[in-house]
Structures are given as structure tokens and as C-alpha cells.
Amino acid sequence: MDYANLGRSGLSVSRLCLGTMNFGPETSEEDSHAIMDRALEVGINFFDTANVYGRQKGEGITEQIIGRWFAKGGGRREKTVIATKLYGSMGDWPNDNLLSALNIRRACDASLKRLQTDYIDIYQAHHIDRNTPFEEFWEAMDVLRQQGKIVYVGSSNFAGWHIAQAQEAARRRGSFGLVSEQSHYNLIVRAAELEVVPACEHYGLGLIPWSPLAGGVLGGILRKIDKGRSASGFALEQLEKHRDKIERYEKFCDEFGQDTADVSLAWLLHQPAVTAPIIGPRTMAQLDGALKALEIKLDDKALMRINEIFPGYQTAPESYAW
């Protein structure tokens with residue numbers, strides 16, 4: 001397994017991040033525990049979750065599954081860099097969501113209890129909260145750090161200028177600031193290249209792409225359909241929208257001699273600021289399959305071919321101005 005520092009921090013994480021959103025709704029607890037054991041076995045030490053995962057409002061089912069896995073001992077907690085998130089609604093009462101200081105305090109304590117741990121390695125804002133000033137956000141996060149409940153702070157679904165706002169507010173307080181940004185980023189969705197990627201590079205954030213396979217569209221969807229396998233409504237919708245590109249991409253991967261999903265992950269690993277794409281396996285086979293991406297090297301010619309199929313963006317404003 002290859003490792004990298006998460007952004008400008010000294011924290012060493014695996015180049016693939018184990019996403020746990022399927023644990024509970026799609027994957028049984030027994031299988032989820034087996035997948036996490038396998039992840040550690042192959043060297044994946046970076047796990048991502050969120051308090052809202054599990055599809056049962058307010059229950060934090062996925063965090064509970066991880067907590068019971070930690071409770072088995074055997075160094076599971078000590079070997080794992082656990083990242084969780086807050087923002088989404090965990091109840092029907094005011095202050096049960098978003099990023100107020102009150103919810104940050106309550107949500108952190110609740111996640112710690114479900115995860116059966118004393119601290120969270122990376123505590124992430126799941127979305128920008130436009131009604132909470134960053135001064136309040138950082139004061140609350142700094143208290144949690146002083147209490148030893150969290151180690152680092154990250155963001156998710158922030159725009160580039162939100163990252164700048166957050167980092168400048170942290171700088172004024174003398175705080176370390178954000179260490180990572182989780183962003184929707186893949187070959188089909190490349191808008192992050194306009195301002196999020198440059199902001200991460202400038203401020204030293206590790207970029208953690210979510211949905212690296214675009215909901216399965218970049219995972220060989222045409223072959224799967226040809227073999228009679230089903231696809232989600234979202235994947236079929238995206239396929240119809242991007243059919244020409246997908247056909248060209250799957251042909252390129254055939255010529256390259258690699259699986260489309262593996263090339264998609266490998267492409268992200270070649271992009272600026274990217275620390276670790278989030279893989280969200282439902283099965284052990286999907287986890288083992290994703291590991292192949294770490295062995296793929298894309299030279300300039302291959303990257304050029306991919307960019308011809310899926311054109312990206314220059315940094316703003318050059319992408320739309322002179």
C-alpha cells in the first residue's frame with residue numbers, strides 16, 4: 001500500500017480511502033466487519049463515514065457498525081484513521097443539524113459514543129453552512145481539539161471561496177485550519193478543477209474525491225448491460241447523457257488492457273492535490289478490485305487520451321476568460 005500525507009499535515013493515510021456509506025443499508029454488519037478487516041490487512045488505514053449514514057434518521061447506523069468493529073479490539077482502532085462528518089439532520093428539533101457551535105458539540109459527542117472511541121481523527125463539515133460564521137465554527141472546533149475529542153478538521157462540498165474563507169478565519173485565530181476537502185470529482189464531473197483544486201493546492205488541503213466512478217457509470221457500465229446486469233436509474237440516466245464518451249472510454253481501456261473502474265481511480269490518483277479517492281465497496285470483491293488501481297501508471301500519452309474523451313477545466317478564470 002502507498003501512503004501520503006493528508007494535505008500539509010503530518011498525518012499519513014493510504015492512497016485509497018474506505019467509504020462506509022453502504023454499511024448497514026446495502027451490506028450486512030458481518031460483511032461490513034469483514035471488509036474493514038480486509039482493508040486493514042491490505043494496508044488501507046483511512047476510513048470515512050458520517051453521522052447520517054445508515055438511512056435511519058438520527059440512528060447513525062453506520063457509525064454504530066464501525067463502533068462495534070472497533071470494540072473487537074486487536075488494534076483496530078489504533079490502526080485506523082477514522083473520519084466522520086456532521087451537518088445533516090439527526091432529529092426533528094432545531095439545532096439538530098448544520099454547523100452551529102451547539103450542534104458541533106452535540107454531534108461530536110454522539111459520534112464518539114456510536115463509534116466507541118475517545119477521539120475522531122478527522123472531523124468534517126459535510127456541507128457548507130451559510131448561516132454560521134466561520135468564527136463560530138472554528139471556536140467550536142478548537143474547543144473540541146483542546147478537549148482531545150478531535151485531532152484534525154476537514155470539509156466536504158465546499159466551494160473554493162468557502163475554503164479560502166475558512167482558512168483565513170482560522171489564520172486570524174491562529175488555528176491550523178482545514179486539512180482536507182471531500183469533493184464530487186471524477187472524469188465526468190470535473191468542475192472542482194475550476195477553483196476547488198487550486199484552493200486545496202494553495203492552502204495545503206488533501207483532496208478526497210467522492211463518487212470516483214460517477215455512480216457506476218465509469219465502472220464498465222456498457223459491458224455490464226451487455227451481459228444482462230442491471231444498473232441504477234441514475235447510472236442509466238448518466239449513460240444516455242454521456243454515451244458517446246463512455247463508449248470511447250471503454251474502448252480506450254480495452255486497448256490499454258485495464259478495467260475501466262481501475263483506470264478511473266488511477267486517473268484521480270494522478271491529479272493535483274488528490275490524496276485518496278473514496279471507494280465504497282458493497283462486497284469484498286469490490287474492495288479487492290479497487291486495489292488494482294494502485295498499480296496502474298498513466299503516462300502523458302494515456303492522460304492526454306483520457307482528457308480528449310473527458311475534457312476538463314483550466315483554473316478559473318482562464319477556463320472561461322482570456
Side-chain angles (χ1 to χ4, degrees), residues 4-13 17 46 48-52 81-90 94-113 115 117-183 192 194-210 272-276 315-316:
N5 282 29
L6 184 59
R8 69 194 185 287
S9 78
L11 183 66
S12 183
V13 297
C17 177
F46 191 13
D48 176 73
T49 191
N51 60 357
V52 294
V81 174
I82 186 69
T84 192
K85 300 183 284 289
L86 83 151
Y87 175 89
S89 181
M90 294 295 286
N95 302 308
D96 284 343
N97 61 355
L98 306 180
L99 301 179
S100 70
L102 179 59
N103 189 48
I104 287 173
R105 174 179 177 175
R106 289 175 173 172
C108 181
D109 286 343
S111 285
L112 288 170
K113 183 176 181 180
L115 290 168
T117 185
D118 295 329
Y119 67 97
I120 295 164
D121 296 289
I122 309 167
Y123 201 35
Q124 305 161 114
H126 209 160
H127 196 277
I128 186 67
D129 179 0
R130 295 177 175 85
N131 294 320
T132 299
F134 277 112
E135 288 75 12
E136 177 180 350
F137 173 84
W138 281 121
E139 182 177 40
M141 289 296 186
D142 285 345
V143 168
L144 293 181
R145 290 190 70 184
Q146 291 162 7
Q147 293 173 335
K149 294 179 179 180
I150 67 172
V151 183
Y152 298 97
V153 180
S155 61
S156 181
N157 303 306
F158 276 28
W161 74 282
H162 296 140
I163 293 172
Q165 279 188 310
Q167 297 303 79
E168 293 305 317
R171 181 185 59 80
R172 290 192 295 270
R173 290 181 55 83
S175 300
F176 190 64
L178 300 172
V179 72
S180 61
E181 158 62 18
Q182 273 192 41
S183 188
L194 284 166
E195 297 193 16
V196 173
V197 172
C200 287
E201 289 188 282
H202 178 76
Y203 285 107
L205 276 65
L207 185 59
I208 309 169
W210 60 265
V274 170
T275 299
T315 300

Exercise. Is there a side-chain contact (heavy atoms from CB on, under 4.5 Å) between M90 and V52 once you walk through the steps?
Worked result: CA-CA 7 Å; M90 294 295 286; V52 294; 3.8 Å; yes

For this session: Go through Y87 and L98 one step at a time and tell me if the side-chain contact (heavy atoms from CB on, under 4.5 Å) criterion holds.
Result: CA-CA 4 Å; Y87 175 89; L98 306 180; 3.4 Å; yes

Exercise. Does the pair L99 and L86 meet the rule for a side-chain contact (heavy atoms from CB on, under 4.5 Å), with working shown?
Worked result: CA-CA 8 Å; L99 301 179; L86 83 151; 3.9 Å; yes

Problem set entry | Intermediate values then yes/no, side-chain contact (heavy atoms from CB on, under 4.5 Å), F137 and V153 | CA-CA 11 Å; F137 173 84; V153 180; 3.9 Å; yes

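Tested against Y152 for a side-chain contact (heavy atoms from CB on, under 4.5 Å), the candidates L11, L178, V81 yield a single pass: L11.
At a threshold of 4.5 Å between non-hydrogen side-chain atoms, the residues S156 and K85 count as touching. At least one side-chain heavy atom of H162 sits under 4.5 Å from a side-chain heavy atom of R130.
Atom-to-atom distance recorded for L115:CG and T49:OG1 is 7.0 Å, nearest 0.5 angstrom. The SG atom of C17 lies 6.5 Å from the CD atom of Q182; values are rounded to the nearest 0.5 Å. Going from atom CZ of F134 over to atom OG of S175 covers 13.0 Å, rounded to the nearest 0.5 Å. Interatomic distance, CZ of F46 versus OG of S12, reported as 11.0 Å (0.5 Å rounding). For the atom pair CZ of F158 and CD of E195, the computed distance is 15.0 Å after rounding to the nearest 0.5 Å. Separation of atoms CG (N95) and CD1 (I104) is listed at 11.5 Å; rounding is to 0.5 Å.
Annotation for E201 and P272: closest pair OE2-CB, 3.5 Å, computed over non-hydrogen atoms. Pairing each heavy atom of W138 with each of A169, the nearest pair is CD1-CB, 3.9 Å. Nearest heavy atom pair, residue D121 against residue I82, reads OD2-N, 2.8 Å. Contact between I122 and G154 at its shortest, heavy atoms only, is CG2-N, 4.1 Å. The shortest non-hydrogen separation linking T132 to S100 is OG1-N, 3.8 Å. The two residues I208 and A276 have their closest heavy-atom pair at CG2-O, 3.2 Å.
Within the structure, the salt bridge (Lys or Arg N to Asp or Glu O under 4.0 Å) test picks out the following pairs touching residues 144-154 (sequence neighbours left out): D109-K149. Evaluation of the salt bridge (Lys or Arg N to Asp or Glu O under 4.0 Å) test over residues 160-183, restricted to residues two or more places apart or in two chains, returns E135-R172, D142-R173, E168-R171.
Applying the salt bridge (Lys or Arg N to Asp or Glu O under 4.0 Å) criterion to D129, with sequence neighbours excluded, gives no partner residue.
Between the N157 side chain and the H126 main chain, a donor and an acceptor come within less than 3.5 Å of each other. The main-chain N or O of T84 is found under 3.5 Å from a side-chain atom of Q124 such that the two form a donor-acceptor pair. Judged purely by atom type and a 3.5 angstrom limit, Y203 has no side-chain atom pairing as donor or acceptor with the backbone of Q167.
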